[in-house]
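Reviewing the structure listed below.
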Amino acid sequence: MTVRVRIAPSPTGNFHIGTARTAIFNWLFVRNHGGQFILRIEDTDTERSRPEFTENILDGMTWLGLNWDEGPFFQTQRLDLYRQAVQTLLDKGLAYRCYTTSDELDQMRATQQARHEAPRYDNRHRNLTAEQIAQFEAEGRKPVIRFKIDDDREIVWDDQVRGKMTWKGRDLGGDMVIARQPEGDETFGQPLYNLAVVVDDMDMKISHVLRGEDHIANTAKQILLYEALGEEIPVFAHTPLILNEKGQKLSKRDGVTSISDFKRMGFLPEAIANYMILLGWTPENSTQELFSLDEAAQLFGLDRVNKAGAKFDWDKLDWINSQYLHNKAPEAVVDQLIPYWQEAGYEFDPEGDRDWLIQLTEIIVHSLTRLADAIPESRLLFGEKIKFSEKAIAQLQLENVEPVLNSIQDNLASATEFNADIAKDIIKQVTKAHNVKKGLVMKSLRAALTGELQGPDLIQSWALLHRKGWDKARLQQALAVISS
RNA sequence: GGUGCCGUAGGCAAAUUGGUUAAGCCGCUUGACUUUCAAUCAGGUGAAUGCGGGUUCAAACCCCGUCGGCACUUCCA
């Protein structure tokens, strides 16, 4: 059997982390088995669907490296297919027109809840007589289409992550609506989610449906639809949900939840993918935690997917992101850092200063957790003029600092060339000449050169500043601070 | 309320499917390194596996009960 899976996001919001995780599991599964990955945009909710969200989803998929083999398909372009299926069900007598109004439904549910009963449609219009229908039509009521669900029916499937699942027809909420009220001169209105999904999955020959566990009840309904339409039923697997701090399903209301947000915050796509792979799956006989998508695909299996939901852990994500960042070459990271520096308002020429920027990246990349950390981490190294913090000023005003800095300045002035080794020599020499502790020289030099008492490696920072000629200017500034 | 699913340290999780002392990672913490923060390295902390029974020589794992959490319960997807 050819493995064919799909990810079917609805463009009612930006690409959500939960959807992305489902996409990743589908991707890993299909790449492990060899097969096709289909992307389908479920935009039948015309009220909330928007094209910019579709774009955001597509961008996010690409960014994460989740390449797909077919699509994107759009459900709104396939409405005829769903209408045909609705008509078929109507013709077979498996679906019918229901004239119950929204108000009547609300009232019915309210009554049921008051009686502590499960809210459900009571199938009241399942067997309407021709006269009743004529009566409702005469009243101007517009029918929805409902699919019959037998109360006594038992639905069973072998879930690939949860094992045997069983549902009773009576727990599905009564006959389900598969098409809305007609508008204009339509025979029936727009087909709804559960119907459209089944028709598409049938048409696209989806062999395995991997989705979040919030769809479990839908699966029972959809199996009934497969049967009614006389089609083979795919294999189902329901993955656990990603939870917020409180242990609830992660939703838009939990702050940062869309892939584009993570991107903006400075996470690398491979880190996000890696973290989500780990959230609910572990490889067999291994404690490996860092993998590329390809590596994980080699090892992936549904039988290793956990059943319990997993809380989203920022600390672990940060750690994974830092691991990827630390292992990257500065030449590869610098282009990703440039936008952050630009946004921070630092002045530089992305082209002309590229070598200098690579050198800067080299200094800081090993201590970055997120790309955005480059802003505070390199703040002190941009620009000719600086501000001195109170602590830095206090350091500069210590005994012996002025003569030490003067000596450094002299050494610098007479040096014909400059690099890290020469910098070390200068420091050594000055320390000896003034008979002071090395710590005093280093601390004071740091204060003078950066205006702060802590930051990236001082020798390398000095070398970097020197390339711009900023070291001399800053030393001068520091000396001026001391004498004022 | 109903139905379903789930429950191993603060978080993610492993445990050859009933077999020593319940892995590993993150976090937290201590130390080392360093001119500093970070990074890195090394060590430490923390769970009687939700709880109570039962079966067994032996239970995280099987059985019964119980509690808790979550999901679904749309003319949303």
Side-chain angles (χ1 to χ4, degrees), chain A residues 8-13 19 42-45 47-49 75 98 100-102 105 109 112-120 142-146 159 162-163 165-168 170-174 176-181 189-190 192-194 196-197 212-218 220 238 240-241 243 245-249 275 278-290 304 306-320 322 325-326 364-369 373 376-377 427 437-447 450 452-459:
Chain A
S10 73
T12 52
T19 314
E42 307 211 323
D43 54 354
T44 51
D45 184 349
E47 299 272 305
R48 297 189 300 150
S49 293
Q75 288 196 320
C98 165
T100 316
T101 64
S102 302
L105 286 173
R109 290 191 188 113
Q112 287 162 339
Q113 288 193 35
R115 272 190 248 140
H116 296 301
E117 289 169 10
R120 59 162 2 237
K142 305 277 191 199
V144 300
I145 309 296
R146 283 186 187 268
D159 195 286
R162 272 146 219 286
M165 301 284 294
T166 310
W167 279 80
K168 292 194 177 62
R170 68 174 63 89
D171 295 326
L172 258 20
M176 64 190 271
V177 180
I178 55 173
R180 289 181 157 140
Q181 284 182 340
Q190 178 158 5
L192 259 13
Y193 172 72
N194 276 305
V197 166
E213 68 170 303
D214 46 345
H215 281 285
I216 288 180
N218 285 329
H238 293 90
L241 266 19
L243 277 20
E245 226 166 289
K246 286 186 234 149
Q248 300 156 325
K249 179 164 94 166
Y275 179 59
L278 243 35
L279 219 50
W281 176 81
T282 45
E284 195 173 3
N285 298 324
S286 161
T287 55
Q288 184 180 351
E289 293 208 314
L290 262 16
R304 300 286 305 175
N306 218 57
K307 288 197 259 287
K311 287 185 187 172
F312 192 90
D313 182 358
W314 285 95
D315 285 330
K316 183 92 182 230
L317 206 215
D318 269 335
W319 177 77
I320 290 175
S322 74
L325 223 32
H326 299 171
I364 63 169
V365 73
H366 298 291
S367 48
L368 299 183
T369 294
D373 295 339
E377 199 66 25
I427 289 165
K437 287 189 176 173
K438 190 185 171 195
L440 178 88
V441 178
M442 295 299 278
K443 269 188 161 179
S444 306
L445 185 58
R446 180 182 289 283
T450 70
E452 288 288 351
L453 256 29
Q454 56 196 42
D457 184 275
L458 182 58
I459 304 290

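Since this is a predicted model, take the numbers as computed values, not measurements. To find a chain, count down the sequence lines: A is the first, B the second, and so on, and within it residues start at 1. All values below were derived from every heavy atom in this structure, side-chain atoms included, with hydrogens, water molecules and symmetry-related copies excluded.
- As the counterpart of B:rG46, no nucleotide is assigned, since no Watson-Crick or G-U wobble pattern has both distances under 3.5 Å.
- A:Asp313 comes within contact range of at least one nucleobase, with a heavy-atom separation under 4.0 Å.
- Using a 90° window around 0 for the glycosidic torsion, B:rU74 falls outside it and is classed as anti.
- For B:rU74, there is no paired base (Watson-Crick or G-U wobble, both distances below 3.5 Å).
- Contact annotation: the side chain of A:Lys443 never approaches that of A:Leu458 to less than 4.5 Å [non-hydrogen atoms, C-beta and beyond].
- Separation of the C1' atoms belonging to B:rG54 and B:rA58 is 15 Å when rounded to the nearest angstrom.
- One C1' atom belongs to B:rG24, the other to B:rA15, and the distance between them is 11 Å to the nearest Å.
- Only the P atoms considered, B:rU66 is 43 Å distant from B:rU29, to the nearest whole Å.
- Following rounding to the nearest Å, A:Lys307 (NZ) and B:rG7 (P) show an atom-to-atom distance of 7 Å.
- No more than 12 heavy atoms of other residues, nucleotides or ligands sit less than 6.0 Å from atom CD of A:Glu245.
- Remark: the separation of the C1' atoms in B:rG50 and B:rC67 is 7 Å, to the nearest Å.
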Protein-proximity profile, nucleotides 68-77 of chain B, B/S/- by nucleotide at the 4.0 Å heavy-atom cutoff, equals --SSSSSBBB

With the sugar-phosphate defined as primed atoms, P, OP1 and OP2, and the base as all remaining atoms, what B/S/- string results for nucleotides 34-47 of chain B, 5' to 3', for protein heavy atoms under 4.0 Å? -BBBBSS-------

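- Ring-plane geometry between A:His366 and A:His326 is classed as tilted, the angle between the planes lying from 30 to 60 degrees on a 0 to 90 degree scale.
- Note that CG of A:Leu172 is 9.0 Å distant from CG of A:Asn218, once rounded to the nearest 0.5 Å.
- To the nearest 0.5 Å, atoms CG (A:Asn285) and CZ (A:Arg304) are separated by 7.0 Å.
- Spacing of P atoms, B:rC41 relative to B:rA47, comes out at 26 Å, to the nearest Å.
- B:rC61 sits 23 Å from B:rG4 when the C1' atoms are compared, rounded to a whole Å.
- In this structure, B:rC6 and B:rG68 make a Watson-Crick or G-U wobble pair, each of the two defining distances being under 3.5 angstrom.
- Using C1' as the reference atom, B:rA60 and B:rU3 are 28 Å apart when rounded to the nearest Å.
- Rounded to the nearest Å, the gap between the P atom of B:rG43 and that of B:rA59 is 33 Å.
- Atom pair A:Lys311:NZ and B:rC26:C1' shows a separation of 15 Å (rounding to whole Å applied).
- Searching all strands for a Watson-Crick or G-U wobble partner of B:rC41 with both distances below 3.5 Å returns B:rG31.
- Across all strands shown, B:rG19 forms a Watson-Crick or G-U wobble pair, both distances under 3.5 Å, with B:rC57.
- Between the side chain of A:Asp43 and the backbone N or O of A:Pro11, no donor-acceptor pair lies under 3.5 Å.
- In B:rA48 the O4'-C1'-N dihedral to the base is within 90° of 0, which defines a syn nucleotide.
- A distance-only check finds no donor-acceptor pair linking the side chain of A:Tyr193 to the backbone of A:Asp45 [under 3.5 Å].
- Whole-Å rounding puts the A:Met165 CE to B:rU3 C1' distance at 11 Å.
- Annotation: the span from A:Leu445 atom CG to A:Lys438 atom NZ amounts to 11.5 Å, rounded to 0.5 Å.
- To the nearest 0.5 angstrom, A:Arg446 atom CZ is 8.0 Å from A:Gln454 atom CD.
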If the sugar-phosphate is the primed atoms plus P, OP1 and OP2 and the base is the rest, what is the B/S/- string for nucleotides 13-19 of chain B, using protein heavy atoms under 4.0 Å? SSS----

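- What separates CE of A:Met176 from P of B:rU3 is a distance of 21 Å, to the nearest Å.
- Here the CG atom belonging to A:Leu192 is positioned 11.0 Å from the CD1 atom belonging to A:Ile145, to the nearest 0.5 angstrom.
- The CD atom of A:Glu377 lies 6.0 Å from the CG atom of A:Leu368; values are rounded to the nearest 0.5 Å.
- For the pair A:Ile216 CD1 and B:rC5 C1', the computed distance is 6 Å after rounding to whole Å.
- No side-chain heavy atom of A:Asn194 sits less than 4.5 Å from a side-chain heavy atom of A:Ile178.
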